[in-house]
Amino acid sequence: MTASMLNNPSGVIGFMLLSERIAEAIEGSKKTRAEISRACGVTNAAVTHWLNGDTANLKADKALALEVATGYRAQWRSMCDGWRNGISG
């Protein structure tokens with residue numbers, strides 16, 4: 001059983017697109033797109049591209065900056081694997 005299965009007690013595993021995982025992380029952080037773009041060192045347009053699904057993947061430095069800014073783990077956002085955030089449960 002993987003960690004992502006443990007996060008979903010119903011046992012139904014849904015597929016989430018990268019853009020959906022990024023959106024969940026940003027919404028969960030309660031930060032604005034402008035705050036996220038500043039924290040990640042990108043433009044507001046780049047964050048919009050992430051959220052629209054125009055981005056296939058994030059460079060490692062941006063993924064880690066987004067993790068720090070949102071508290072949602074880069075591993076989960078990138079591969080939908082592991083815990084969403086630092087809280088395991």
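The first residue of the sequence shown is numbered 1, and numbering continues consecutively from there.
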Nearest atoms (heavy-atom pairs only) where [X] meets [Y]:
X     : Y     : value
Ser29 : Ala69 : CB-O, 4.1 Å
Ala65 : Ala39 : CB-O, 3.9 Å
Thr48 : Arg33 : OG1-NH1, 3.4 Å
Glu24 : Met16 : OE1-CE, 3.3 Å
Asn57 : Leu18 : CA-CD2, 3.7 Å

From CA spacing to verdict: side-chain contact (heavy atoms from CB on, under 4.5 Å), Ile22, Thr55: CA-CA 11 Å; Ile22 292 171; Thr55 303; over 6 Å; no
Checking Leu58 against Cys40 for the side-chain contact (heavy atoms from CB on, under 4.5 Å) test, could you report, in this order, the C-alpha distance in whole Å, the side-chain angles of both residues, the deciding distance, and whether it holds? CA-CA 11 Å; Leu58 297 179; Cys40 295; over 6 Å; no
Can you tell me how far the [atom1] atom of [X] sits from the [atom2] atom of [Y], to the nearest 0.5 Å?
X     : Y     : atom1 : atom2 : value
Glu35 : Lys30 : CD    : NZ    : 13.0 Å
Arg38 : Asn44 : CZ    : CG    : 8.0 Å
Trp50 : Ile36 : CH2   : CD1   : 8.0 Å
Leu66 : Arg21 : CG    : CZ    : 11.5 Å
Ser19 : His49 : OG    : NE2   : 13.0 Å

